[in-house]
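This report concerns only the one structure given below.
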Amino acid sequence: MVLTPSAIAAIAYGLLALVGGIIGYRQAGSQASLISGGISGVLLLLSGILQAAGIPWARGLAALITGALVVVFIMRWIKTRKPMPALLMIVAGLASLFVMGFIL
């Protein structure tokens, strides 16, 4: 197993999504945050592990999930105008996509 920068970015963003979902649930009682953060976080962690194991499609899966989260949080930020957690997830997601090689 080789931890590439792309795998590390997927794992880091996955942890951020997972922890964010838990925090959203604890602070606001949002089951949607818990479920979406949990599912996307676990899928990102899995894709990072699969990337490290040399599975070629795992990088695309991580980019797809990360891109979807960026879009969701852009829409959330536009709707609520609350910078947290939207801006954190947008910036971290774009940085992850850059490291994964999907943004130049």
Side-chain angles (χ1 to χ4, degrees):
M1 285 193 27
V2 178
L3 278 176
T4 63
S6 179
I8 293 169
I11 291 168
Y13 196 59
L15 287 171
L16 186 61
L18 190 59
V19 170
I22 293 168
I23 291 171
Y25 176 74
R26 291 192 70 200
Q27 286 185 347
S30 172
Q31 288 185 335
S33 291
L34 183 61
I35 292 167
S36 63
I39 291 171
S40 59
V42 167
L43 287 174
L44 282 164
L45 290 170
L46 180 63
S47 69
I49 292 166
L50 291 175
Q51 284 181 67
I55 307 298
W57 53 264
R59 185 169 151 257
L61 175 63
L64 179 69
I65 296 165
T66 301
L69 284 173
V70 168
V71 169
V72 165
F73 279 100
I74 287 172
M75 293 183 336
R76 182 174 175 181
W77 182 48
I78 289 169
K79 182 179 177 183
T80 66
R81 289 293 179 200
K82 293 181 181 178
M84 286 299 288
L87 287 180
L88 173 66
M89 292 299 288
I90 292 166
V91 171
L94 292 174
S96 295
L97 287 170
F98 178 78
V99 171
M100 290 175 197
F102 287 93
I103 296 178
L104 295 179

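All heavy atoms count here, side chains included; hydrogens, waters and symmetry mates do not. Please read all numbers here as calculations on a predicted model, not as lab measurements.
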In the structure I gave you, are the side-chain heavy atoms of L44 and L18 within less than 4.5 Å of one another anywhere?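 L44 vs L18: side chains apart.
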To the nearest 0.5 Å, what is the distance between [atom1] on [X] and [atom2] on [Y]?
X	Y	atom1	atom2	value
L43	L61	CG	CG	6.5 Å
L50	R59	CG	CZ	14.5 Å
I103	L97	CD1	CG	4.5 Å
L69	R76	CG	CZ	11.5 Å
M100	T4	CE	OG1	9.5 Å
L64	F102	CG	CZ	9.5 Å

Kindly give the heavy-atom pair with the smallest separation between [X] and [Y], and that separation in Å.
X	Y	value
A7	G48	CB-O, 3.4 Å
V70	M89	CG2-O, 4.4 Å
G93	T66	O-CG2, 3.4 Å

R81 NZ/CZ over W77 ring centroid, <6.0 Å and within 45° of normal: yes
Do [X] and [Y] belong together in a cluster built from hydrophobic side chains that touch within less than 4.5 Å?
X	Y	result
I78	I90	yes
I35	L16	yes
L88	I65	yes
F73	L87	yes
L45	V99	no

Looking only at atom types and distance, does a side-chain atom of Y13 sit under 3.5 Å from a main-chain N or O of L94, one as donor and one as acceptor?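 Checked: no pair found.
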